[in-house]
Amino acid sequence: MAKLMMLTLLGLGLALFRDHRASYQTRLHAFREVTPVELPNCNLVKGIETGSEDLKILPNGLAFISSGLKYPGIKSFAPDKPGKILLMDLNEEDPKVLELRVTGSNFDQSSFNPHGISTFTDEDNTVYLLVVNHSNFKSTVELFKFEEEEKSLLHLKTIRHKLLPNFNDIVAVGPEHSYATNDHYFVDPYLRSWELYLGLAWSYVVYYSPNEVQVMTDGFDFANGINISPDGKYVYISELLAHKIHVYEKHANWTLTPLKSLDLTTLVDNISVDPVTGDLWVGCHSNGMKIFFYDLENPPASEVIQIQDILTEEPKVTLVYAENGTVLQGSTVASVYKGKLPVGTVFHKALYCEL
């Protein structure tokens, strides 16, 4: 009887394992390959070799780029070097990048590990840059003031809170006010791996201000990119492993109400919003397995999608760019400025295209 019970439990365990493995592979699109979609004029950005995970473009065409991310379980081509914030002028014919110098006595440059970034421009035209930082693999937000003439960032403040344990991306709604995604619930690496494998969908989005920190929405299978509409009325959240972008209505008290979800056929990462048209531009992963289990001989591909009229009954989704990894590996972000399209990656290079 005991043997029969043990065999039954073993059989149930194996069945559950097979089900979870199949679900895990489905969520990661483990066997998907891309069909190439080319753009007529694309060049690699000189000076970026170790990632360009997120980028934000100011109205004047200056773009901030976070580079050198070291994320648990993800490939890094410079594991022993600190990350950096790069500046690129999209008004130039052949734009190059410049590393921004960081000033301020309370900032540890040697362990800088930047991830998602966001900008906020004050009424006096002061530009603030908010950077998710995984210094020593702990999550904080670093608040900088951009000093354009000096080509530097003045560090103003480090923000940390118990509800911000696994920051991924951030969207600023004030100099110290933001919405941010936590891509995992657990902090412990072992528990994080099981959370990911089992698809627990416990990640969440937080609103942060100096006076209040509050979970605004939860239940995500790896909450990733976040951004806001040009009129400030809607917040967009990408759910990486559910292949969805969610639209929330933002209220005057900063709470969020779910409005709709858009199902997609790819793993959606960072979201950029065209300030003129309101279109969403998203860096995507066609096959998440290749991101989490890197193989130089079979590298992760890159995809960029454009979403028009997302608030309507029938949004238009266009695959703008797709490449199998021979040029660009693991795209995470894309944004537009006057017909120009820079595309960033989690750990690889960056591309610059003319639309």
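Along the sequence shown, the residues carry numbers beginning at 1. Keep in mind that this is a model prediction, so the values were computed, not measured.
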Looking only at atom types and distance, does a side-chain atom of S331 sit under 3.5 Å from a main-chain N or O of C284, one as donor and one as acceptor? yes
Do the side chain of D279 and the main chain of D274 share a donor and acceptor less than 3.5 angstrom apart? no
L100/F144 under side chain to side chain contact (heavy atoms under 4.5 Å, CB included): CA gap, chis, key distance, verdict: CA-CA 11 Å; L100 290 174; F144 299 98; over 6 Å; no
Is V213 linked to V187 within one hydrophobic cluster, defined over Ile, Leu, Val, Met, Phe, Trp and Tyr using a side-chain heavy-atom separation of less than 4.5 Å? no
Is the number of heavy atoms from other residues, nucleotides or ligands within 6.0 Å of NZ (K260) greater than 12? yes
For residues F222 and I271: do they belong to one hydrophobic cluster (side chain heavy atoms under 4.5 Å, members Ile, Leu, Val, Met, Phe, Trp, Tyr)? no
Is K145 atom NZ crowded by more than 12 heavy atoms from other residues, nucleotides or ligands, each under 6.0 Å away? no
Should the heavy atoms of other residues, nucleotides or ligands under 6.0 Å from NZ of K96 be counted, would the total exceed 12? yes
What one should report as the nearest heavy-atom pair of H134 and F167 is CE1-O, 3.0 Å
Under 3.5 Å, side chain of K70 to main-chain N/O of D80, donor-acceptor pair present? no
For a quick test of reading the model, state the closest non-hydrogen atom pair linking I170 to S118 and the distance between them. O-CB, 3.4 Å
Minimum side-chain heavy-atom gap I226-V235 below 4.5 Å: yes
Side chain to side chain contact (heavy atoms under 4.5 Å, CB included) between R160 and T140, worked out: CA-CA 5 Å; R160 52 174 62 88; T140 61; 3.9 Å; yes
Quick check against the 3.5 Å criterion: does N324 have a side-chain atom that pairs as donor or acceptor with the backbone of T326? yes
Under the side chain to side chain contact (heavy atoms under 4.5 Å, CB included) rule, what do F31 and M289 come out as? Steps first, then yes or no, please. CA-CA 8 Å; F31 306 107; M289 193 70 79; over 6 Å; no
Hydrophobic cluster membership, with links at side-chain heavy-atom distances under 4.5 Å among I/L/V/M/F/W/Y: are V276 and V320 in one? no
Same apolar cluster: V336 and V171, side chain cutoff 4.5 Å: no
Tell me, do L267 and H29 make a side-chain contact under 4.5 Å, heavy atoms counted? yes
Nearest 0.5 angstrom please: S66 OG to F112 CZ, how far? 8.0 Å
Tell me whether K244 is salt-bridged to D221, with the criterion being a basic N under 4.0 Å from an acidic carboxylate O. no
Could you check whether any side-chain heavy atom of H251 comes within less than 4.5 Å of a side-chain heavy atom of T257, counting everything from C-beta outward? yes
In Å, rounded to the nearest 0.5 Å, how long is the span from CG of L28 to NE2 of H243? 7.5 Å
How far apart are the closest heavy atoms of A223 and N182, and which atoms are they? CB-O, 3.9 Å
Going by heavy atoms in the side chains, are P95 and V45 under 4.5 Å from each other? no
Does N91 use its side chain to pair, donor to acceptor, with the backbone of N60 at less than 3.5 Å? yes
Do you know which two heavy atoms are closest between P165 and S139, and how far apart they sit? O-OG, 3.2 Å
Is the closest side-chain heavy-atom distance between L355 and L39 below 4.5 Å? yes
At their closest point, which heavy atom of S67 faces which heavy atom of T50, and how far apart are they? OG-OG1, 3.8 Å
For the CD atom on Q214, are there more than 12 heavy atoms of other groups (residues, nucleotides or ligands in this structure) within a distance under 6.0 Å? yes
For the NE2 atom of H285 and the CZ atom of R32, what is their distance to the nearest 0.5 Å? 12.0 Å
Start with the C-alpha gap between E33 and K290, add the side-chain angles, then the distance that decides, and say whether salt bridge (Lys or Arg N to Asp or Glu O under 4.0 Å) holds. CA-CA 10 Å; E33 300 293 338; K290 294 184 181 183; 3.1 Å; yes
Would you indicate whether the side-chain heavy atoms of E176 and L143 approach each other to under 4.5 Å? yes
Below 4.5 Å, heavy atoms only, C-beta onward: do N106 and T158 meet side chain to side chain? no
Looking only at side chains, do T126 and D124 share a donor and an acceptor under 3.5 Å apart? yes
Would you please classify the geometry between the W202 ring and the F186 ring as parallel, tilted or perpendicular, with 30° and 60° separating the classes? tilted
Return the CG to CD distance between D269 and E53, rounded to the nearest 0.5 Å. 5.5 Å
Is E147 salt-bridged to R101, going by a charged N under 4.0 Å from an acidic O? no
Could you walk me through whether S229 and D231 pass the side chain to side chain donor-acceptor pair (under 3.5 Å) check? CA-CA 5 Å; S229 61; D231 59 11; 2.6 Å; yes
Minimal heavy-atom distance between D122 and P175, with the atoms involved, is OD2-CG, 3.9 Å
Main-chain N/O of A322 paired with S302 side-chain donor or acceptor, under 3.5 Å: no
Looking at N166 and H184, would you say the former's side chain and the latter's main chain have a donor-acceptor pair under 3.5 Å? yes
D309 side chain to T312 main-chain N or O, any donor-acceptor pair under 3.5 Å? no
How long is the gap from CZ on F146 to NZ on K151, to the nearest 0.5 Å? 6.0 Å
Just checking F120 against Y128, ring centres under 6.0 Å apart? no
What do the steps show when you test L351 against Y321 for side chain to side chain contact (heavy atoms under 4.5 Å, CB included), and what is the final call? CA-CA 11 Å; L351 200 67; Y321 176 80; 3.4 Å; yes
Any sub-3.5 Å donor-acceptor pair from E249's side-chain atoms to L259's backbone N or O? no
Close side-chain approach of F220 to L240, heavy-atom, < 4.5 Å: no
Please tell me whether V131 and V173 are part of a single hydrophobic cluster in this structure, the criterion being side-chain heavy atoms less than 4.5 Å apart. no
Just by distance, do the side chain of N133 and the backbone of N113 share a donor-acceptor pair under 3.5 Å? yes
Classify the angle between the aromatic ring planes of H115 and Y71 as parallel (below 30°), tilted (30 to 60°) or perpendicular (above 60°). perpendicular
Interatomic spacing from CG in L86 to CG in L55 - rounded to 0.5 Å: 10.5 Å
OH/Y185: more than 12 non-hydrogen atoms of other groups inside 6.0 Å: no
